[in-house]
Number of protein chains: 2
Amino acid sequence: MSVRTPDALISTCRENGLRATKSLRAILDLLCENDAPLSIQQCAEQSTELAAADTVTLYRLFERLEGVGIVRRIGLHERAAHYVLADALRHRHFVCCTRCGKVEPLDHHCTIGHLEEHVAEDSGYTNLYHELVFYGVCPACGRN
Amino acid sequence: MSVRTPDALISTCRENGLRATKSLRAILDLLCENDAPLSIQQCAEQSTELAAADTVTLYRLFERLEGVGIVRRIGLHERAAHYVLADALRHRHFVCCTRCGKVEPLDHHCTIGHLEEHVAEDSGYTNLYHELVFYGVCPACGRN
DNA sequence: ATACCTGCAAAGTCTTTGCCTTAGG
DNA sequence: CCTAAGGCAAAGACTTTGCAGGTAT
């Protein structure tokens, strides 16, 4: 669907009144490189730029990005919220290890899309999107 | 699959060393009556018995029930965790309103089950189960 | 210059842990 | 009786809010 380069996303942000700060760029770069959802803490671990920023700032940035529709907050079982590019979520599903918490993207094709129409009809809900996550024990944890 | 009456579940609990306390019965009764996932707070609101119990007790009860495999904790977008009968989750999916947070069960047939085999092969994960949630704006919220 | 953004401090919500008492089997 | 479960207090993790000063446009 839409473009997913950091630059294109920055443009969208600016069109929506957000300012192109260093932290914003850093977050978008990180999200574009990562297929799997990231928590705020993981973001800080994976980017010096973001590690230097106040946690509160990261929360607020994701809040804005979610408002603009660029990222989606997803509810994995861990305590902390995780964020993914909204775009990625549309085409992709994840496996999450119930022991170590690792989250990996699956590359099978999304066959749920067409279900959304039925769900919309049956439930009367609008603006639907879905979230499909598989939970299990990853190979590494299974060996122990 | 398995039986889902409170009594049957109590038996499973006892086989696993749990004691049949009032709170345990109350939780199982509540879960059996409810198709949708419930948070700890909702449990307390919907049962005088559970409202009287300490919140910590409810956390611990759900922890045990999860350990025994009777309930599953699911990560909706709200801050608080929600719990459903593991059995219900296997056959059922939900719609969740992004505005008011309402969660409703869908009655379409689960077509994901067979995907689990593929996922298992591709990813090497074992003991797979899945969680499919649709998010959107419910009819009531849509009118405002 | 103006509006948005950041950092810092503090409060809020959800969850977990420890210890002692109570009660189920 | 023995051991799991409950209650109470306190700590911990994650998130939100308010305000003053800094920065992008």
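Please read all numbers here as calculations on a predicted model, not as lab measurements. Sequence lines set the chain letters: A, B, ... in the order given, protein chains first and strands last, and positions in each chain run from 1.
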Using atom [atom1] of [X] as one end and atom [atom2] of [N] as the other, report the distance to the nearest whole Å.
{"X": "Ile27(B)", "N": "dG6(D)", "atom1": "CD1", "atom2": "P", "result": "9 Å"}
{"X": "Arg25(B)", "N": "dG6(D)", "atom1": "CZ", "atom2": "C1'", "result": "16 Å"}
{"X": "Arg19(A)", "N": "dG22(D)", "atom1": "CZ", "atom2": "C1'", "result": "11 Å"}
{"X": "Asn16(B)", "N": "dA5(D)", "atom1": "CG", "atom2": "C1'", "result": "16 Å"}
{"X": "Asp54(A)", "N": "dC19(D)", "atom1": "CG", "atom2": "P", "result": "17 Å"}

* To do: Give me the residues of residues 31-40 of chain A where at least one heavy atom lies under 4.0 Å from an atom of DNA chain C, by number, or none.
  => none

* Asked: Just by modelled atom types, is the Val56(A) backbone N or O under 3.5 Å from a matching donor or acceptor in the Asp54(A) side chain?
  -> yes

* Expected output: side-chain His82(A) to main-chain Ala80(A) donor-acceptor under 3.5 Å -> yes

* Report the relative orientation of the aromatic rings in Tyr135(B) and His77(B); use parallel for angles under 30°, tilted for 30 to 60°, perpendicular for over 60°. => parallel

* Is the base of dT25(D) touched by the side chain of Arg14(A) through a donor-acceptor pair closer than 3.5 angstrom? -> no

* Asked: Nearest of dT6(C), dT17(C), dA9(C) to any side-chain atom of Val56(B)?
  -> dT17(C)

* Asked: Can you find a side chain N or O atom of Thr21(B) that sits less than 4.0 Å from OP1 or OP2 on dA5(D)?
  -> no

* Side chains of Glu78(B) and Val103(B): closer than 4.5 Å at any heavy-atom pair? -> no

* Heavy atom of residues 58-81 of chain A under 4.0 Å from DNA chain D: which residues? -> Tyr59(A), Arg60(A), Arg73(A), Arg79(A), Ala80(A), Ala81(A)

* May I ask you to say what Leu18(B) touches in the nucleic acid, namely base, sugar-phosphate or nothing, with a heavy-atom cut-off under 4.0 Å? => sugar-phosphate

* Asked: With sugar-phosphate meaning primed atoms plus P, OP1 and OP2, does Thr55(B) contact a base, only sugar-phosphate, or nothing at under 4.0 Å between heavy atoms?
  -> nothing

* **Earlier contact from the 5' end, DNA chain D, for Ala20(A) and Ala53(B)** => Ala53(B)

